Amino acid sequence: MKLILLGAPGAGKGTQATRIAEKYGVIHISTGDIFRANIKGGTEIGKLAKSYIDAGKLVPDSLTCDIVKDRLEKDDVKAGYLLDGFPRSLYQAEELSKFADIDLCLNFEVDTALIMDRICGRRVCACGESYHVSTLGGKTTCAKCGGELYQREDDNPETVKARLDTYNVMTAPLIAYYAAQNKLATVVCGTKTPDEVFEAVCEVLDKLD
Ligand code: AP5
Ligand code: MG
């Protein structure tokens, strides 16, 4: 199974990616996570990516595509993978088609009015889990691994606005791009809980198996 998860910032890509990876045994590849790991490690990639991420803009296409191409050459993805947050531009989608044959693009449709609260209330763990403050009941550690929860640096109202603009201009056209290839499935999230969204996702994915 080779999947793309598409959706605005805060749509729930990461939340669903963790569940899909666990249930279907596919490798979760998040370009955002890769960049954040590089920033944390102080690498050259991290230094370059940080200025773009802080501004809510896309990290340059060529660098991002090279990273994904290298990642997809590793043996562990042979049984399947899901790309969380890649591609994010028509250029990236065209490049991806040269080195990968994707089965499906899952598009998460979410009301933009919900996004600001979702993202600004998000707390994440280094293990990949993410939570919302409203459901944590004051807890500051991860229920899965016990790690300390923290807030992402780009999860502030100003950067979220910029990320949404970037999504609308650069990424939203991919919905039509994958629909034209009959490779698009849209999950309308509305006010569904993560579990309810996952149920809808499984309905789609079970037909692929
Ligand atoms: P990235 O890390 O991919 O961030 P993003 O796309 O902005 O998306 P988020 O991770 O913020 O949201 P999500 O959809 O994963 O939502 P989540 O599940 O966490 O990218 C960051 C930056 O890196 C980019 O801005 C860019 O600069 C750079 N970058 C990355 N990829 C790139 C690429 N391909 N090209 C160029 N640059 C790139 O959920 C959000 C919150 O909502 C959480 O609190 C969660 O608990 C909650 N939640 C989730 N689902 C529900 C639900 N159903 N109901 C209620 N709450 C929910
Ligand atoms: Mg994410």
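Every number for a ligand or one of its atoms is a count from 1 in the order of the listing. Every value quoted in this text rests on a predicted model; they were computed, and no experiment measured them.
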shortest atom 8 (O) of ligand 1-to-protein heavy-atom contact is with Lys13 NZ, 3.2 Å
Contact between ligand 1 and Arg123 is defined here as a heavy atom of the residue under 4.0 Å from a ligand atom; is it met? no
Residues Asp155 and Arg163 bridged, charged N to O under 4.0 Å = yes
Atoms of ligand 1 under 4.0 Å from any heavy atom of Gly14, numbered from 1 in the order shown, are 13 (P), 15 (O), 18 (O)
When distances are taken from atom 39 (O) of ligand 1, the protein heavy atom at minimum range is Thr15 OG1, 3.7 Å
Practice problem: Give yes or no for whether the N/O distance cutoff of 3.5 Å, strictly under, is met between Gly12 and ligand 1. | Solution: yes
To the nearest 0.5 Å, atom CD of Glu153 lies from atom OG1 of Thr159 at 9.5 Å
I'd like to know if Arg152 contacts ligand 1, where contact means a heavy-atom distance under 4.0 Å to any ligand atom.
yes
Check: Quick one: does Val59 get an N or O within less than 3.5 Å of an N or O on ligand 1?
Finding: yes
Checking heavy-atom distances from atom 3 (O) of ligand 1 to each of Glu129, Arg88, His132, the winner is Arg88
Here the pair of heavy atoms bringing Tyr167 nearest to Pro9 is CB-CD, 3.9 Å
Query - Presence of salt bridge, Lys98 and Glu94, under 4.0 angstrom - result: no
heavy-atom search around atom 22 (C) of ligand 1 in the protein gives Ile53 CG1, 4.0 Å
| field | Close N or O approach (Gly85, ligand 1; < 3.5 Å) | value | yes
Check: Quick one: do Lys78 and Asp75 make a salt bridge, cutoff under 4.0 Å?
Finding: yes
Between the CG atom in Asp76 and the CD1 atom in Ile27, the distance rounded to the nearest 0.5 Å is 4.5 Å
- Task: Could you say whether the N/O atoms of Asp84 and ligand 1 ever approach to under 3.5 Å?
- Result: no
Numbered in order shown, the ligand 1 atoms found under 4.0 Å of a heavy atom of Thr193 are 53 (N)
A student checking ligand 1 against Thr64 at a 4.0 Å heavy-atom cut-off should list atoms 33 (C), 34 (N), 35 (N), 36 (C)
Salt bridge Glu44-Lys47, side-chain N to carboxylate O under 4.0 Å: yes
Using distance alone, decide if ligand 1 has a nitrogen or oxygen within less than 3.5 Å of any nitrogen or oxygen in Asp154. no
